[in-house]
Amino acid sequence: GCDPKADSSLRLLGGTRPPTIVEMVSGQVSRKFSSLVVGSDAGVAYGLHQLGILRQNGGDYEEAEALYQRSLKISERSGDRAGVAKTSHQLGILGQLRGEQVAASSLHLRSLEIFESLGDRPNVAKCLQALGNLELQRRDFGAAESLYQRSLEIDESLGHRMGVAGSLHL
């Protein structure tokens, strides 16, 4: 096995265990992670995206945005439309958290359009729910209800109980 005192990146490379959330959030792994995802641009973009989520959840919105932007550029360059949609959606959530509703809406609409073209119904439902959340914040209850209803119908048709619960909760 690996030396327990070895750098986290070596343990990750050696495959003995994935990095812990504490290691990622504390920065012990995040600065090196993108170079450790071996095999594809999609893997690197995914790793950066996931690290962005960790930073976002930790309240470091600036670092989260930087990681998402790096992920987005890689996905765009490599033609990974699903990756573009997922990261655009996450940037939309970040925009919403920052109170940037116009930017958030634009990003969610971009994501929705791509997911619809890919036939990715579960993610279409997530985008519709995110757009509904924005309309709710704007106090446009009719628009929010319509978007939540569309999301609910998709989730019900797919048997996604968590999505249904999310739509009904709101």
Side-chain angles (χ1 to χ4, degrees), residues 2-3 5-135 137 147 151 160 162-163 166:
C2 291
D3 175 2
K5 294 182 182 179
D7 182 85
S8 297
S9 61
L10 294 178
R11 288 195 302 268
L12 180 61
L13 262 179
T16 59
R17 69 166 180 78
T20 66
I21 292 173
V22 171
E23 289 171 332
M24 287 185 176
V25 171
S26 69
Q28 294 176 14
V29 176
S30 65
R31 304 270 187 262
K32 301 172 186 171
F33 189 77
S34 65
S35 65
L36 301 176
V37 181
V38 179
S40 70
D41 283 343
V44 174
Y46 176 79
L48 291 166
H49 178 98
Q50 292 304 111
L51 288 168
I53 290 172
L54 288 172
R55 294 295 184 172
Q56 178 179 314
N57 290 343
D60 187 352
Y61 295 166
E62 188 174 315
E63 179 67 14
E65 181 176 15
L67 289 162
Y68 292 146
Q69 290 296 343
R70 287 175 57 201
S71 174
L72 185 61
K73 284 180 186 169
I74 292 168
S75 293
E76 288 172 339
R77 185 182 67 232
S78 66
D80 177 9
R81 294 178 60 222
V84 169
K86 287 176 183 175
T87 301
S88 294
H89 178 75
Q90 204 60 42
L91 281 163
I93 292 170
L94 183 61
Q96 187 174 355
L97 290 170
R98 290 174 157 173
E100 301 165 353
Q101 278 78 10
V102 173
S105 181
S106 174
L107 288 158
H108 286 309
L109 287 169
R110 177 186 190 196
S111 183
L112 176 63
E113 181 180 301
I114 295 169
F115 284 133
E116 285 179 332
S117 74
L118 295 173
D120 186 339
R121 294 180 69 218
N123 279 313
V124 166
K126 287 180 186 178
C127 291
L128 291 168
Q129 189 151 81
L131 287 164
N133 293 342
L134 286 168
E135 293 302 334
Q137 282 183 335
L147 290 160
S151 175
H160 290 167
M162 291 297 292

Subject >> Asn133 vs Gln96 side-chain heavy atoms within contact, under 4.5 Å >> reply: yes

Subject >> Distance (rounded to the nearest 0.5 Å) between His89 NE2 and Ile114 CD1 >> reply: 12.5 Å

Subject >> Heavy-atom side-chain contact between Leu94 and Glu100 under 4.5 Å >> reply: no

Original post:
Atom CG in Leu109, atom CG in Leu131: separation rounded to 0.5 Å?
Top reply: 5.0 Å

Subject >> Arg110 with Glu76: basic N within carboxylate O range, under 4.0 Å >> reply: yes

Original post:
Any side-chain heavy atom of Arg121 within less than 4.5 Å of one from Phe115?
Top reply: no

Original post:
Hey, does Asn57 have a side-chain heavy atom less than 4.5 Å from the side chain of Ile53?
Top reply: yes

Subject >> Leu107 CG to Leu112 CG distance, which is reported to the nearest 0.5 Å >> reply: 12.5 Å

Original post:
Between Leu48 and Tyr68, is any pair of side-chain heavy atoms under 4.5 Å apart?
Top reply: no

Original post:
Given side chains that start at C-beta, do those of Ser117 and Arg81 come closer than 4.5 Å, heavy atoms only?
Top reply: yes

Original post:
Does one side chain, of Gln137 or Gln101, offer a donor that lies under 3.5 Å from an acceptor on the other?
Top reply: yes

Original post:
Do Arg98 and Glu65 meet the salt-bridge criterion of a basic N to acidic O distance under 4.0 Å?
Top reply: yes

Original post:
When rounded to the nearest 0.5 angstrom, what distance separates CD in Gln56 from CG in Leu51?
Top reply: 12.5 Å

**OP:** Flag the pair Ser111 / Lys86 as yes when at least one side-chain heavy-atom distance between them is below 4.5 Å, and no otherwise.
**Re:** no

